[in-house]
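This report concerns only the one structure given below.
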Amino acid sequence: MLLSRFPRVSLAHLPTPLEHLPRLSKHLGGPDIYVKRDDCTGLGTGGNKTRKLEFLMADAQKHNADVIITQGAVQSNHARQTAAAAAKLGMDCELIFEKRVSDPADAYVNSGNVLLGRMFGANIRDVEKGTDMNAEMESTASDLRAKNRTPYIIPGGGSNTIGALGYVDCALETLGQANRAGLVFDHMVHATGSAGTQAGLIVGLKSSCANIPLLGIGVNAAKDAQEEKVYKLAVETAEFVGAPGIVSREDVVANCDYVGDGYGLATDGMNEAVMLLARLEGLLFDPVYSGKGLAGMIDLIKTGYFEDTKSIVFIHTGGSAGLFGYSDILKT
Ligand SMILES: *Cc1c(COP(=O)(O)O)cnc(C)c1O
C-alpha cells in the first residue's frame, strides 16, 4: 500500500515507540503486553488525532482553507490537537463543544484540553447536550463564508476516510517495527470511539495480511452500533485506498462492556487501570478513552478472554491532557 499517494502534512513525531511493559505483564500474569506509544505523536501533548490530522489538514490546505471547524465533547482531545495543528499551519480554528456531562466540575470546563485549546488560539463555543453537531458546524461554515472566509469542516474525532488513513499508516508502522524486532503479536487492542482509529487499523492489518485480530474497547455506543459504524468506515476506507473488498464484517470486533454509565463518566475499572499503569510503568492514560480501553483489556486478561494469547499490543491513543480536566474524579 502506498499512502504517499495522498496529500499529507508532517505534524506527528513518527515512528512512535513500541515498548514492552514488563511490570504490567508480570503483575497480570497473562500475555506479554506491548504498547504502541501514539500518546507520543508530539503535537500539543500528542494523541491519536494527530496522525489523522496529517491527512485532514493536507486536504484542508488543498481546498485553500483559512479556518478549520470541528466539534467534540468539552474535554475533546481531538479538538485540542486540531487547534494545535491549525495554529502550526497558520489557520484559524473554531471549536464547537457539546456539553455532554451535566454538572461539570470547574476543572472540566477550564483545565486540561480546554485550557490548551484556548492557548492554541481556538475560538470556542459551547452548545447544549443533544445538539445536532454536524448542523452546527455547517451553520458556522456558512457564517464564515458570508465573511469571505474559506472554512474546512473536520468531522468529530477526525473520523472519515481521509482521517482513517492515519491509522492505516499506524498499522503499517507497527507491523514494520514488529518485523524488525522479531516480535509476534497475537492480538491488538485499543479504545474505540468515533471509529476512525479502528477502521484505519483494520484496513492496514488486512491489506498486509497480518493475521492479527483487533479488538476495540468501546467508550460510548453499544456493541452493535459501534461495530456497524466501524465496519462502514473500514469498507469505505478500503475502497478509498484502492483495496475494495478486503474488510469483512467479522474483522470488526468491539467490546462495549466497559463504558459504565456513559461517555466521559468515570468507572472504578478506569480509575484502577489508570493508577496501575502510572505506578507500574510510569505511563499516563486518560479517563475517557485509553483508560477505559486499558480497563477492558485488563479485565479481559483476568477473566480468560486472552487465555491462548502470548502477546498483546495495546495502541495507546493518548489523552493524558484530559487528566487535568478530571482531577476531581481520579482516585489517587
Ligand atoms: C479520540 C480518541 C480515541 C478514539 O479514537 P476514534 O478514532 O475516535 O475511535 C481513543 N483514545 C483517545 C485518547 C482519543 O482522544
Side-chain angles (χ1 to χ4, degrees), residues 12 16 35-41 43-56 70-85 100 112-113 116-117 133 154-171 188-204 214-221 225-234 237 252-256 258-259 263-264 270 273-274 277 283-297 314-326:
T16 58
V35 65
K36 173 66 172 162
R37 298 290 306 275
D38 268 21
D39 56 321
C40 299
T41 52
L43 180 72
T45 74
N48 65 338
K49 303 313 180 304
T50 300
R51 281 189 196 267
K52 301 179 182 185
L53 286 162
E54 289 205 332
F55 293 96
L56 290 162
T70 198
Q71 59 96 2
V74 173
Q75 280 293 336
S76 166
N77 300 302
H78 161 67
R80 179 250 311 155
Q81 287 162 83
T82 303
R100 286 189 214 167
N113 287 302
L116 298 184
M133 299 304 279
I154 294 181
S159 287
N160 56 17
T161 51
I162 297 173
L165 293 177
Y167 273 82
V168 178
D169 186 45
C170 176
M188 186 179 277
V189 181
H190 69 103
T192 182
S194 67
T197 301
Q198 191 166 7
L201 288 173
I202 288 171
V203 171
L214 177 70
L215 174 66
I217 309 283
V219 298
N220 192 4
Q226 185 65 23
E227 289 184 348
E228 280 306 318
K229 187 162 69 165
V230 173
Y231 177 58
K232 184 169 175 291
L233 184 55
T237 304
V252 181
V253 185
N255 180 321
C256 299
Y258 300 92
V259 178
Y263 174 88
M270 176 282 291
V274 169
L277 268 285
L283 283 180
L284 299 176
F285 289 77
D286 85 290
V288 182
Y289 293 96
S290 57
K292 281 188 182 171
L294 199 57
M297 182 184 73
F314 185 84
I315 310 291
H316 188 338
T317 43
S320 61
L323 289 169
F324 304 99
Y326 282 88

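We count ligands from 1, going down the list as the structure has it; atoms in each ligand are counted the same way. Residue numbers run from 1 in the order of the sequence given. All values below come from the heavy atoms of this structure, side chains included, with hydrogens, waters and symmetry mates left out.
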Any heavy-atom pair between the side chains of Thr192 and Thr197 that's under 4.5 Å? no
Any non-hydrogen atom of Gly157 lying under 4.0 Å from ligand 1? no
Proximal atoms of ligand 1 relative to Ala191 (non-hydrogen, under 4.0 Å): 4 (C), 10 (C)
Side-chain contact, heavy-atom cut-off 4.5 Å: Ile217 with Lys292? no
If you measure from each non-hydrogen atom of Val219 to ligand 1, which part falls under 4.0 Å: side chain, backbone, both or neither? neither
Taking non-hydrogen atoms only, is Lys49 closer than 4.0 angstrom to ligand 1 via side chain, backbone, both or neither? side chain
Contact check, side chains of Leu283 and Arg37, non-hydrogen atoms, under 4.5 Å: yes
Check ligand 1 against Gly319 and write out every atom of the ligand that is under 4.0 Å from a heavy-atom position of the residue. 13 (C)
Which atom of Gly318 lies closest to which atom of Ser290, heavy atoms considered: O-OG, 3.0 Å
Is it the case that the side chain of Glu227 and the backbone of Ala254 share a donor-acceptor pair, with hydrogens and angles ignored and the cut-off at 3.5 Å? yes
Region of Asn48 engaging ligand 1 - heavy atom pairs below 4.0 Å: side chain
Considering only the protein, which heavy-atom contact is closest to atom 9 (O) of ligand 1, and what is its distance? Gly193 N, 2.7 Å
Nearest heavy atom to atom 3 (C) of ligand 1, choosing from Phe285, Tyr167, Tyr289, belongs to Tyr289
Has Gln198 got a side-chain atom pairing as donor or acceptor with Val230's backbone, closer than 3.5 angstrom? no
Quick one: do the Asn220 and Tyr289 side chains pair a donor with an acceptor below 3.5 Å? no
With backbone taken as N, CA, C and O and side chain as the heavy atoms from C-beta onward, which portion of Lys52 lies under 4.0 Å from ligand 1: side chain, backbone, both, or neither? side chain
Start with the C-alpha gap between His190 and Phe314, add the side-chain angles, then the distance that decides, and say whether ring-ring contact (aromatic ring centres under 6.0 Å, His included) holds. CA-CA 6 Å; His190 69 103; Phe314 185 84; 8.1 Å; no
Got an N/O contact under 3.5 Å between His78 and ligand 1? no
Identify, by atom number and element, the atoms of ligand 1 in contact range of Gly196, meaning under 4.0 Å from any of its heavy atoms. 7 (O)
Please write down residue, atom name and distance for the protein heavy atom closest to atom 11 (N) of ligand 1. Thr317 OG1, 2.6 Å
Is it the case that ligand 1 has an N or O less than 3.5 angstrom from some N or O of Ser290? no
For Ala195 and ligand 1, answer yes if some heavy atom of the residue is under 4.0 Å from a ligand atom, otherwise no. yes
Please identify which atoms of ligand 1 are closer than 4.0 Å to at least one heavy atom of Asp286. 13 (C)
